[in-house]
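Below is one structure, written out as structure tokens, with a few remarks after it.
What you see below is based on every heavy atom in this structure, not just the backbone, and it leaves out hydrogens, waters and symmetry mates.
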2 protein chains.
Amino acid sequence: MSKTLNKNYPLPMYYQLKELLREQIAAGEWQVGDMVSSERELSEQHNISRMTARQALKELTTEGLLYRVQGKGTFVAEPKIEQKLTRLTSFSEDMGTRGFDSGGRVLRLELISPSTLVCRALQITPDRQIVLLERLRLAEGEPIALEICHLYFNNVDKLLNENFEDHSLYNILRQQYKILPTRAEQQVEASLCSQREQHLLNIKEGSPVLRNRRVAFSQWERPFEYTESVYRADRYVFQVELGTA
Amino acid sequence: MSKTLNKNYPLPMYYQLKELLREQIAAGEWQVGDMVSSERELSEQHNISRMTARQALKELTTEGLLYRVQGKGTFVAEPKIEQKLTRLTSFSEDMGTRGFDSGGRVLRLELISPSTLVCRALQITPDRQIVLLERLRLAEGEPIALEICHLYFNNVDKLLNENFEDHSLYNILRQQYKILPTRAEQQVEASLCSQREQHLLNIKEGSPVLRNRRVAFSQWERPFEYTESVYRADRYVFQVELGTA
DNA sequence: ATACTATATTGGTATAGACAACTAGACAAT
DNA sequence: ATTGTCTAGTTGTCTATACCAATATAGTAT
């Protein structure tokens, strides 16, 4: 019994158990794919009925944090948002090449003062310092997108020592900084490329591009990332699912 | 007891009840906002325990078909997809004008033979006839998008008599044809406008546009709509939410 | 080795009942 | 008029129990 739940206190038992499980998973007690305690184990450990433990597990399942297999157990699921966000960029490499996405040349990686736009997006004051990360994304060796990330959280300056050419940003955030992306708001629009973009993306003057602005939120509903991306229109299609997801 | 559930049959009771409720709602037995039977009513009507009825209601709630208010009851929710799809176009009219969206001039409305592309999208054979509906969407009197819908379902030809200038397509489909949009796949890309689009949208030659392809599915997982839209890039931003759905 | 069998464990379904929290309306007291 | 109180009806939480269905494992028979 690692941490007793508070009977007869404002929050329902199943809810307290949900929070506890969430914490334990965030703390790395179980990794993605690991089996968490079974319903019967939880009910004995916390002195609650199996149906109550079950409710907690079931709700965490519909929230996408866990998945269940009859006869086997309940397991920690792959984070949903990362799937969706990477599925976006991975749509760039549908032209034959498999795997080695997440590549890209780092153009800038530095500590800067945020613009007012970025301050609003990240909900911070202008006196904070943020990390700017600019990358050129490649597919089959060809440039396909220009991406400018603005990042802010505790100890964000440590990011300056990370290697973004070999590791994905989100993996680093999750593993080193305990930041779990859980939600994102994104806007997409079309426009023509600037001269700088034209050169970096290796396209003709006046070519159309897809412009992408994204604010990503952590498990604590804090915005930690504001990213502007520019995609070559001739190599990139933005895919959206509405309804089920 | 309108329709008895089949005890000891392959499908669980709560699942049968879910399906029954879905049918009753689709049949218009309850309208959006109406209160459906209470848990105790359902448990008495169908001779099941309250918890079983509760499971059906709760799952339909997480699926977005119902919503519940403690102390009041369980109610029919606004269809989710329509919210999302209309939120897209309604983003066009964020520039002051409220309300009178869904307007637009009908340019074509006729029965045609589908192209192979449309056949694949709608999962039909080329011998079927589909309805083509081309509309110019306006905001503040200005053209903002060109939209070409391809529609196929039973009695699709009746659509030729509908008035699309005053009523929304999805409202007509739901009320007259019992077709509930439940899911859509959508692709967005950027490109330059064609000469025809340039004239209709009243933009300059070589202007960038957002191109949008959408396949929408009914409650029976049948694709009933394939739509290609072209949006003026200077007046339209595509908004996406990732994660919370 | 392969196939079967028994058993234990897991989640899935279902029941019956209890009490809490909340809503809305009726009605009385102020 | 406002406030308080009661009541009936609703969903929310929780317990205790039982059995079913799918899976994993160890042991056994072939």
Check your understanding: Starting at CD1 of A/I48 and ending at C1' of D/dT15, how long is that distance when rounded to a whole Å?
Key -> 11 Å

Practice item. Can you figure out which of D/dT11, C/dG11, D/dC14 approaches the side chain of B/R68 most closely? Key: D/dT11

Check your understanding: Of all residues at least two apart in sequence or in a different chain, which pass the side chain to side chain contact (heavy atoms under 4.5 Å, CB included) check with A/Q70?
Key -> none

Point to revise | Between C1' of C/dA14 and CG of B/L11, the distance in whole Å | key: 15 Å

Check your understanding: Looking only at side-chain N and O atoms, does A/T74 come under 4.0 Å of OP1 or OP2 in C/dT10?
Key -> no

Exercise for review: From the options C/dG12, D/dG12, D/dT13, select the nucleotide whose nearest atom is closest to the side chain of B/Q70.
Suggested key: D/dG12

**Study point:** Distance in angstrom units between A/Q16 CD and D/dT13 C1', rounded
**Key:** 12 Å

Point to revise | Nucleotide nearest B/E39 when distance is taken to its side chain, options D/dT10, D/dG12, C/dA16 | key: D/dG12

Exercise for review: Answer yes if the side chains of A/E225 and A/Y170 hold a donor-acceptor pair under 3.5 Å, and no otherwise.
Suggested key: yes

Review point. Roughly how many Å is it from CD in A/E44 to C1' in C/dT10, rounded to a whole number?
Key: 13 Å

Point to revise | A/R50 side chain, from C-beta outward: closest of C/dA14, C/dG11, D/dC14 | key: C/dG11

**Study point:** Under 4.0 angstrom between A/S38 side-chain N/O and C/dT9 OP1 or OP2
**Key:** no

Exercise for review: Please report, rounded to the nearest Å, how far the P atom of C/dA14 is from the CG atom of B/L42.
Suggested key: 15 Å

Practice item. Using a cut-off of strictly less than 4.0 Å, decide whether B/S49 has a side-chain nitrogen or oxygen near OP1 or OP2 of C/dG17. Key: no

Point to revise | Backbone N/O of B/R54 and side chain of B/Y14: donor-acceptor pair under 3.5 Å | key: no

Exercise for review: Could you tell me whether the side chain of B/Y152 and the main chain of B/Q123 form a donor-acceptor pair under 3.5 Å?
Suggested key: no

Point to revise | 5' priority, DNA chain C, between A/G71 and A/M51 [closest heavy atom] | key: A/G71

Exercise for review: Return no unless some side-chain N or O of B/K72 is found under 4.0 Å from OP1 or OP2 of C/dA24.
Suggested key: yes

Check your understanding: Looking across every strand, which nucleic acid part, if any, lies under 4.0 Å from B/M35 by heavy atom: base, sugar-phosphate, or nothing?
Key -> sugar-phosphate

Study note, to complete from the structure: note: B/F75, atom CZ; D/dT10, atom P; distance rounded to Å ~ 11 Å

Exercise for review: Please state how far atom CE in B/M13 lies from atom P in D/dA21, giving the value in whole angstrom units.
Suggested key: 15 Å

Review point. Salt bridge check: are A/E23 and A/K18 linked by an N-O gap of less than 4.0 Å?
Key: no

Point to revise | Interatomic distance, B/Y15 OH vs D/dA21 C1' [rounded to whole Å] | key: 17 Å

Check your understanding: Any N or O donor-acceptor pair linking the side chain of A/R40 to the base of C/dG11 at under 3.5 Å?
Key -> yes

Check your understanding: Just to confirm, is there a sub-4.0 Å distance from OP1 or OP2 of C/dT15 to any side-chain nitrogen or oxygen of B/T52?
Key -> yes

